[in-house]
2 protein chains.
Amino acid sequence: MSDALFKALADPTRREVLKRLQRGPATAGELAEEFPQAKATLSHHFNVLKAAGLVRSERRGQHVVYSLNTSVFEDLARMMADLFKPERKNK
Amino acid sequence: MSDALFKALADPTRREVLKRLQRGPATAGELAEEFPQAKATLSHHFNVLKAAGLVRSERRGQHVVYSLNTSVFEDLARMMADLFKPERKNK
DNA sequence: TAGATGATTAGATTAGTATCTAAATATACG
DNA sequence: CGTATATTTAGATACTAATCTAATCATCTA
C-alpha cells in the first residue's frame, strides 16, 4: 500500500510528471511530448502513478486525461510524519 | 539531492530501520539483529540512509551508533508539499 | 467500414538494486 | 602483539525497474 506510493515517488521522471500535473490536467500525449522518453515508457509511468493513487485518468474520446489526485497528499503527509514522529497516534 | 532521499525511502526495510530509530539510537549490530537480512545487507542500507541524510552515524569504540537525523524532515516535508502545492514560494 | 490518430500492452534489453558469503578493516583487551 | 568482537567492503548473483520498438486496442471521422 504505502510501498506503491514510495516506489512511485522514487523515480525522478514520475515526480516531474506530478509537478507538470500541478499546472492542470493533461492528456497522455501532451505529457509524453514534454519528456524525452518514448510514449510507451511514459504510459508505464502513468500506470505506476495510478497504482499508487497519485493520479487519476479519464478517457475523453480518443484521449486519456490524467490529473493529480490531491487527496492522497493527506495520506502521504501522514506516512511521512509517521516515519519521524511515532508518538502521534494515527487518529 | 532529493533523488537520494526518495530512493532511500523507496525500500521497505530502510523505512523500518527509520521507524526503529524513532525509539532511539542503536548500534549497527543491534539494528541488524532485528532484521532477517545479513549484517552486510543492513550495512548497505545504513549507507543509503546516511547518503540521503536521514541518519547519522558515530563510532563508539567497536560500535557504530546510528541515530535519526530529524532535521531532514523539514526538507522532506517541503519536497512533498512541493510535489502537490507549487504555488507556495520556497521561502 | 476503412483509415487516421491517440494510447496502451507485449516482448526484449539494459541498468540498477537487494542480497548473500567471504574477506578486509577497526577497535578493545588480554 | 594476537585474538575476539563489531562493522564495513568486495565480489557475485538474482531480482526489479526503466526503457525501447513493434504490435494491439480504442475512438473518431470521412
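By convention in this document, chain letters (A, B, ...) are assigned in the order of the sequence lines, proteins followed by strands, and residues within each chain are numbered from 1. If you're wondering where the values come from, they're calculated on a predicted model, not measured in any experiment.
- In this structure, the CZ atom of B/Phe46 is 9 Å from the P atom of D/dT7, given to the nearest Å.
- Of the listed nucleotides (D/dT9, C/dG6, C/dA26), D/dT9 has the atom at the smallest distance from the side chain of B/Ser43.
- C/dT17 atom C1' lies 14 Å from atom CG of B/Asp3, rounded to whole Å.
- Between B/Lys7 atom NZ and D/dA17 atom P the separation is 13 Å, expressed in whole Å.
- For A/Lys39, taking side-chain heavy atoms from C-beta onward, the closest of the listed nucleotides D/dT19, C/dG6, C/dA18 is C/dG6.
- Checking D/dT8, D/dA17, D/dA18 against every side-chain atom of A/Asp11, the shortest atom distance belongs to D/dA18.
- Rounded to a whole Å, the CD atom of B/Gln37 is 15 Å from the C1' atom of C/dT21.
- In terms of phosphate contacts, A/Asn47 brings no side-chain nitrogen or oxygen within less than 4.0 Å of OP1 or OP2 of C/dA7.
- Remark: P of C/dT5 and CD of A/Glu33 are 14 Å apart, rounded to the nearest angstrom.
- Neither OP1 nor OP2 of C/dA18 sits under 4.0 Å from any side-chain N or O of B/Thr13.
- Residue A/Ala40 is classed as a base contact, given a heavy-atom separation below 4.0 Å to a base.
- A straight line from CG of B/Leu9 to P of C/dT17 spans 14 Å, rounded to a whole angstrom.
- The closest side-chain heavy-atom distance from A/Tyr66 to A/Glu58 is not below 4.5 Å.
- As rounded to whole Å, 13 Å separates atom P of C/dT8 from atom CD of A/Gln62.
- Remark on DNA chain D: of its neighbouring residues A/Gly61 and A/Val48, the 5'-side contact belongs to A/Val48, judged by nearest-heavy-atom nucleotide.
- The hydrophobic clustering, which links ILVMFWY residues whose side-chain heavy atoms are closer than 4.5 Å, places B/Val48 and B/Leu68 apart.
- Inter-residue side-chain proximity for B/Phe6 and A/Asp11 is flagged as unmet; no heavy-atom pair is nearer than 4.5 Å.
- In this structure, B/Glu58 places its CD atom 18 Å from P of C/dA26, rounding to the nearest Å.
- Side-chain contact check for B/Thr13 and B/Gln37: at least one donor-acceptor pair (N or O, by modelled atom type) lies under 3.5 Å.
- Among the protein residues, A/Arg60 comes within range of no part of the nucleic acid, since none of its heavy atoms lies under 4.0 Å from any strand.
- For B/Tyr66 and D/dA6, the shortest distance from a side-chain N or O to OP1 or OP2 is not below 4.0 Å.
- OP1 and OP2 of D/dA18 both lie 4.0 Å or more from every side-chain N or O belonging to A/Thr41.
- No engagement by B/Phe35 is indicated, since no non-hydrogen atom pair under 4.0 Å with the nucleic acid exists.
- Between A/His63 and D/dA26, a side-chain N or O to OP1/OP2 separation shorter than 4.0 Å is absent.
- Partner B/Leu54 forms a side-chain contact (heavy atoms from CB on, under 4.5 Å) with one of B/Leu21, B/Asn69, B/Leu5 and no other, that one being B/Leu5.
- Using a 4.0 Å heavy-atom criterion, one finds that A/His44 contacts the bases of the nucleic acid, with or without backbone contacts as well.
- When hydrophobic clusters are built by joining Ile, Leu, Val, Met, Phe, Trp and Tyr residues whose side-chain heavy atoms come closer than 4.5 Å, directly or via intermediates, B/Phe35 is not grouped with B/Val65.
- OP1 or OP2 of D/dA18 sits under 4.0 Å from a side-chain N or O of A/Arg14.
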